[in-house]
Each structure stands twice: as C-alpha cells, then as structure tokens.
Chemist: 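One structure coming up, written as structure tokens, with questions to follow.
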Amino acid sequence: MNLDNSFKSKIYKAVKNIPRGKVATYEQIARLAGSAKAYRAVGNTLHNNPDPKNILCYRVVKKDGSLAKNFSFGGEKEQKKLLQREGVVFIDNKVDLEKHLIK
DNA sequence: CAGTTGACGGCCC
DNA sequence: GGGGCCGCCAACT
C-alpha cells in the first residue's frame with residue numbers, strides 16, 4: 001500500500017488517479033504530487049517506474065500533448081496505440097488536449 | 001554529503 | 001519554425 005510517503009508514491013497515485021480515456025501532463029502530476037514545478041522529478045521518478053503494469057504512466061504526456069521519447073512499454077508508438085485504444089484522439093502524433101487533458 | 005542526471009517547461013536566439 | 005540554454009525538483013551514484 002502507500003506506506004512510503006515519498007513523492008514517488010504521490011506521483012504513482014496521481015497517475016493511477018487519471019481516468020481511462022484521459023491524459024495528464026507532467027505539470028499536472030507534479031501538482032498532484034505536491035509541487036507544480038516538480039515535473040522534473042516526476043519525469044525522472046516515473047522513468048524509474050517500478051510497476052508499469054499497475055502505474056498507467058502512458059497516460060502522462062507533455063504539455064503539448066506529445067509523448068515522451070522512451071517509454072517502459074516499448075515506445076511512443078506503443079503508448080499512442082494504448083491511448084487510442086482507450087478512446088483518446090491523436091492529432092499529428094499528439095493527444096487532443098482539448099478533449100482529454102484533465103483540468 | 002556533493003555532484004550528476006532526467007519521461008520537462010519556458011524563454012531566448 | 002527549429003534549436004539551444006536555463007531553471008525547477010527529487011532521485012541516483
């Protein structure tokens with residue numbers, strides 16, 4: 001469970017808090033984790049991703065809606081396919097933030 | 001303990 | 001429009 005009170009746990013929990021068919025930016029995750037400017041740590045920590053099967057890190061995108069360059073799942077194309085499978089619309093290899101980005 | 005890194009973001013050239 | 005530099009924070013070595 002959430003015995004570890006580190007930022008990591010907050011980040012993971014925030015990511016898991018993202019509803020299906022929605023995406024969040026690193027800024028959003030960082031904010032949920034406690035600091036909006038901690039997006040750096042979010043990216044670094046999520047790359048450390050200890051449990052990708054439980055942590056839907058592929059729902060986390062950049063502020064432009066574009067995906068990260070190296071994902072634990074296999075790559076941007078894989079992440080893109082997973083998101084599309086959940087109903088997320090992609091435009092020019094980017095997520096339609098207007099429809100799927102969490103407010 | 002100090003230095004480096006890193007799935008980023010924003011501003012400058 | 002594209003590329004590069006700086007800045008923020010936490011984790012890793």
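By convention in this document, chain letters (A, B, ...) are assigned in the order of the sequence lines, proteins followed by strands, and residues within each chain are numbered from 1.
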Chemist: How many whole angstroms separate atom NZ of A:Lys10 from atom P of C:dC9?
Modeler: 14 Å
Chemist: Who are the side-chain hydrogen bond (donor to acceptor under 3.5 Å, both in side chains) partners of A:Lys53, not counting sequence neighbours?
Modeler: A:Asp51
Chemist: With the side chain of A:Ser6 defined as its heavy atoms from C-beta on, choose the nearest nucleotide among B:dG9, B:dA7, C:dA11.
Modeler: C:dA11
Chemist: Between A:Arg59 and A:Leu83, is any pair of side-chain heavy atoms under 4.5 Å apart?
Modeler: yes
Chemist: Using the 3.5 Å cut-off, write out each protein N or O paired with an N or O of nucleotides 5-8 of chain C and the distance between them.
Modeler:
{"from": "C:dG7", "atom 1": "O6", "to": "A:Arg40", "atom 2": "NH2", "distance (Å)": "2.7"}
{"from": "C:dG7", "atom 1": "N1", "to": "A:Arg40", "atom 2": "NH2", "distance (Å)": "3.4"}
{"from": "C:dG7", "atom 1": "N2", "to": "A:Tyr39", "atom 2": "OH", "distance (Å)": "3.4"}

Chemist: Heavy-atom distance under 4.5 Å between the side chains of A:Leu67 and A:Phe90, does that happen here?
Modeler: yes
Chemist: Mind listing the closest non-hydrogen atom pair of A:Leu101 and A:Ala24 along with its distance?
Modeler: CD1-CA, 3.9 Å
Chemist: Should A:Leu56 and A:Ile18 count as side-chain neighbours, where that means a heavy-atom distance under 4.5 Å?
Modeler: no
Chemist: Compare side-chain N and O positions of A:Lys8 against OP1 and OP2 of C:dC12 and report whether any pair is under 4.0 Å apart.
Modeler: yes
Chemist: Scan A:Asn49 against the nucleic acid and name what it touches under 4.0 Å (heavy atoms): base, sugar-phosphate only, or nothing.
Modeler: base
Chemist: When the distance from OH of A:Tyr26 to C1' of C:dA11 is rounded to whole Å, what number comes out?
Modeler: 16 Å
Chemist: Between A:Asn44 and C:dC12, is there a contact of a side-chain N or O with OP1 or OP2 at under 4.0 Å?
Modeler: no
Chemist: Which whole-number value in Å describes the distance from A:His47 NE2 to C:dC12 P?
Modeler: 12 Å
Chemist: Please report the shortest heavy-atom distance between A:Val95 and A:His100, naming the atom on each side.
Modeler: CG1-CB, 4.1 Å
